[in-house]
Number of protein chains: 2
Amino acid sequence: MTNAALERFSINQMTVKQLSLPELVDGCLELGVRGVGLWREPVQSYGVEATAKLVRDAGLAVTTLCRGGFFTAIDPDERAAALADNRRAIDEAATLGTDTLVLVSGGLPAGSKDLHGARERIADALAELGPYAEQHGVKLAIEPLHPMYASDRCVVSTLAQALDLAERFPAHQVGVTVDTYHIWWDDTAPEQIARAGAGGRIHTFQLADWITPLPEGVLNGRGQLGDGAIDMREWKGYVEAAGYAGPIEVELFNDELWARDGREVLAETAARFVEHVIQ
Amino acid sequence: MTNAALERFSINQMTVKQLSLPELVDGCLELGVRGVGLWREPVQSYGVEATAKLVRDAGLAVTTLCRGGFFTAIDPDERAAALADNRRAIDEAATLGTDTLVLVSGGLPAGSKDLHGARERIADALAELGPYAEQHGVKLAIEPLHPMYASDRCVVSTLAQALDLAERFPAHQVGVTVDTYHIWWDDTAPEQIARAGAGGRIHTFQLADWITPLPEGVLNGRGQLGDGAIDMREWKGYVEAAGYAGPIEVELFNDELWARDGREVLAETAARFVEHVIQ
């Protein structure tokens, strides 16, 4: 089956994490979905080589691998372990045939109040990993997360901060992830998308909608496209005006979606993509 | 009792909402606290004139009244009702003897995805209310709320946005609220504080700490000073460098604090203020 409206659609594996990798691939083939964004943990469980063969045989593109990062530790052993793990993530991305590794930078170390220092340690890590990624044909995509994650997940809260980091390195080594969920509130984000595009640094574009009330811990309350406050076409317009013509991944962390039949959620997500992004 | 270390400390009523107004005033006198930030609803319940007499007789300063705002409705009747309510809030502030009314601007109307339009409607409301506030000796203090409230509470998410709005009006009519809880993640906030100070627009300075995990709905998880990720002295330094020498209010919304004895929480908050802000 082919479906022109889904040409740029990619389903991030986390959106339908209740599906096994073979179920995910079957579901994509049935709907005419051509791209998947994968996560390290389920890929490792299935086997990296086996996953690579599964998606390659199905003709699916792996649009991103999620995720590397967590660069903010101060302890030297922790830092060395994080760098080694990120090299493995780059290896896995290369094996899977994707050119993009999404990075979630990490939060404040326990007891620290030093956001600036944590951000600088990210730059130190990128300086070590950028050349290694380049050797393996993989680009690093710093993802600014919503400011509500600044202390415990990601000290990079805005596209401007992500670009300030990325621009210290060549664009084919380090760029950014543009994800509507994290930046929709930011009136400076459109100009930062233009900046990112001008530098060839939009390495992936992801969608999720903003719905309230947020759940406890604020991790798993991302909205299905069309259910929330974000105008998806507007943001697609910004990245396209900035020159981005690549895949558009839908990445939803949502307990209610995870409790449903995964094939049904996959079909719904593809339909919402057509309705709210393409048409 | 006097306490020089508490000279600039003001307790926002919401921090100890379990206390009645007379209990709050007694607690302040006992500890040597000289300022209180009040909220409209408990003041109305006790009586605005009665509250004014209570705090005046105790020699307490009312540092702010919280809160006006909610300016983003599209429906003309709703907008007229909001403006009328804000005029009453200005009257109440004048009666209470405070010169500062804190404004929480309001979220997106139901079904709307238009952040820009909502922000413009705030400017329209300020144009009507600014002169009325000035006539009553009251300054309006736009409070940017953390971006996690952008859809349902406040479309003004950064100090820069708040100042873009405020600067359309004279500083003695419209300025901003600087609250650490809402802006601590923002690396551009220090320069925006400098901008606000240069324009005479820091109308109040409030403190709360950032702790995780956030509770469901993310309203009542503000941390006691010292319990979280924010360096309070650093932010005090920014506002002082910008010329602000006024009261410093501690405003905590926290279910655990509310479940405790209010006098004990008041004493703890004053002690934390001395430990984490003054010493």
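So you know, we letter chains A, B, ... as the sequences are listed, proteins then strands, and number each from 1. As a basis for the values below, the full set of heavy atoms in this structure was taken, side chains included, without hydrogen atoms, waters or symmetry mates.
Contacts of B/A5 classified as side chain to side chain contact (heavy atoms under 4.5 Å, CB included), with partners at least two apart in sequence or in another chain: B/N3, B/V274, B/I278.
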Please assess B/V218 against A/V218 for the test side-chain contact (heavy atoms from CB on, under 4.5 Å), listing each intermediate value before the final yes or no.
-> CA-CA 8 Å; B/V218 301; A/V218 302; 3.3 Å; yes
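Contacts of B/L108 with chain A are made by side-chain atoms alone, with heavy-atom separations under 4.5 Å and no backbone atom involved. Residue B/P147 touches chain A through both its backbone and its side chain, counting heavy-atom pairs closer than 4.5 Å. Only the side chain of A/L115 comes within contact range of chain B, with at least one heavy atom under 4.5 Å from a heavy atom of that chain.
For chain A, the option among B/P213, B/G221, B/A150, B/A160 with the highest count of heavy-atom pairs below 4.5 Å is B/A150.
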If you check both backbone and side chains, which donor-acceptor pairs between chain A and chain B fall under 3.5 Å?
unit_1 : atom_1 : unit_2 : atom_2 : d
A/K113 : NZ     : B/G228 : O      : 2.8
A/R119 : NH2    : B/W185 : O      : 3.1
A/S151 : OG     : B/W210 : NE1    : 3.2
A/Q161 : NE2    : B/D187 : OD1    : 3.0
A/Q161 : NE2    : B/D187 : OD2    : 3.4
A/W185 : O      : B/R119 : NH2    : 3.1
A/D187 : OD1    : B/Q161 : NE2    : 3.0
A/D187 : OD2    : B/Q161 : NE2    : 3.3
A/W210 : NE1    : B/S151 : OG     : 3.2
A/L214 : O      : B/G217 : N      : 2.8
A/G217 : N      : B/L214 : O      : 2.8
A/G228 : O      : B/K113 : NZ     : 2.8

